[in-house]
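I have placed the structure first, in the form of structure tokens, so that the comments after it can refer back to it.
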Amino acid sequence: METLVFRFENGTRKLAGAAQLVGVVSSGNLEVLVNQTDLQSACEIEINTAAIGFASIWEAVMKDFHARWQLADVRIAINDMGATPAVVSLRLDQAIESSLEASLEAKK
């Protein structure tokens with residue numbers, strides 16, 4: 001297993017509501033857990049992956065994700081079992097969209 005950690009400063013979009021978990025840890029897939037926490041407008045992403053040696057690809061996918069969402073005060077944990085970059089992006093977007101939907105439901 002390899003653990004990678006990325007931190008992106010100066011995010012502008014905060015999430016509200018409970019933690020969100022999407023996906024499942026299985027071959028070719030991953031799970032994503034999103035938590036709101038005080039990180040002084042930063043977003044931290046920790047990845048635990050069985051696919052060792054792909055740090056540069058993970059970094060590119062995480063930079064693209066951060067550019068899309070600009071998250072602030074969010075911690076994301078990813079448990080990966082060899083998902084492709086497209087699946088990673090899909091699961092990350094799914095987790096954030098679930099968080100946004102949950103916060104809208106809470107306001108009703």
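Everything numeric here is computed off the predicted structure, so don't read it as measured data.
With rounding to the nearest 0.5 Å, the separation of CG in Leu33 from CD in Gln20 is 9.0 Å. To the nearest 0.5 angstrom, Arg91 atom CZ is 5.0 Å from Gln94 atom CD. Within the model, atoms CG of Leu21 and CG of Asn79 stand 9.0 Å from one another, a figure rounded to the nearest 0.5 Å. The CG atom of Asn10 lies 12.0 Å from the SG atom of Cys43; values are rounded to the nearest 0.5 Å. Atoms OG and CD, on Ser41 and Gln70 in that order, are 11.0 Å from each other to the nearest 0.5 Å. Here CG of Asp73 is found 14.0 Å from CZ of Arg13. Values are rounded to the nearest 0.5 Å.
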>> The test is side chain to side chain contact (heavy atoms under 4.5 Å, CB included); show your working for Ile45 and Val5 and say whether it passes.
In response: CA-CA 6 Å; Ile45 305 170; Val5 178; over 6 Å; no
>> Between Trp69 and Asp93, is the side-chain hydrogen bond (donor to acceptor under 3.5 Å, both in side chains) condition met? List the steps.
In response: CA-CA 9 Å; Trp69 291 102; Asp93 288 347; 2.7 Å; yes
> Taking it one step at a time, do Val25 and Leu30 satisfy side chain to side chain contact (heavy atoms under 4.5 Å, CB included)?
Replying inline: CA-CA 5 Å; Val25 181; Leu30 73 157; over 6 Å; no
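A pairwise comparison of heavy atoms in Met1 and Ile52 identifies N-CD1, 3.9 Å as the closest pair. The two residues Ala72 and Thr12 make their nearest non-hydrogen contact at CB-N, 4.0 Å.
Thr84 has its side chain within reach of Val87: a pair of non-hydrogen atoms, C-beta onward, lies under 4.5 Å apart. Side chains of Glu46 and Thr3 form a contact here, defined as non-hydrogen atoms less than 4.5 Å apart. Inter-residue side-chain proximity for Glu59 and Phe6 is flagged as met; some heavy-atom pair is nearer than 4.5 Å. Between Met62 and Val88 the shortest side-chain heavy-atom distance falls below 4.5 Å. Counting only heavy atoms from C-beta outward, the side chains of Leu15 and Leu71 approach each other to under 4.5 Å. Side-chain contact between Arg75 and Leu39: present, with at least one pair of heavy atoms (C-beta onward) separated by less than 4.5 Å.
Side-chain heavy atoms closer than 4.5 Å link hydrophobic residues (I, L, V, M, F, W, Y) into clusters, and following such links, even through other members, never connects Ile57 to Leu90. Side-chain heavy atoms closer than 4.5 Å link hydrophobic residues (I, L, V, M, F, W, Y) into clusters, and following such links, possibly through other members, connects Val32 to Leu4.
The backbone N or O of Gly53 lies less than 3.5 Å from a partner atom in the side chain of Glu2, making a donor-acceptor pair.
Among residues at least two apart or in separate chains, there is no ring-ring contact (aromatic ring centres under 6.0 Å, His included) pair with a member in residues 19-54. Residue pairs satisfying the ring-ring contact (aromatic ring centres under 6.0 Å, His included) criterion with at least one member in residues 8-47, sequence neighbours excluded, are listed as follows: Phe8-His66.
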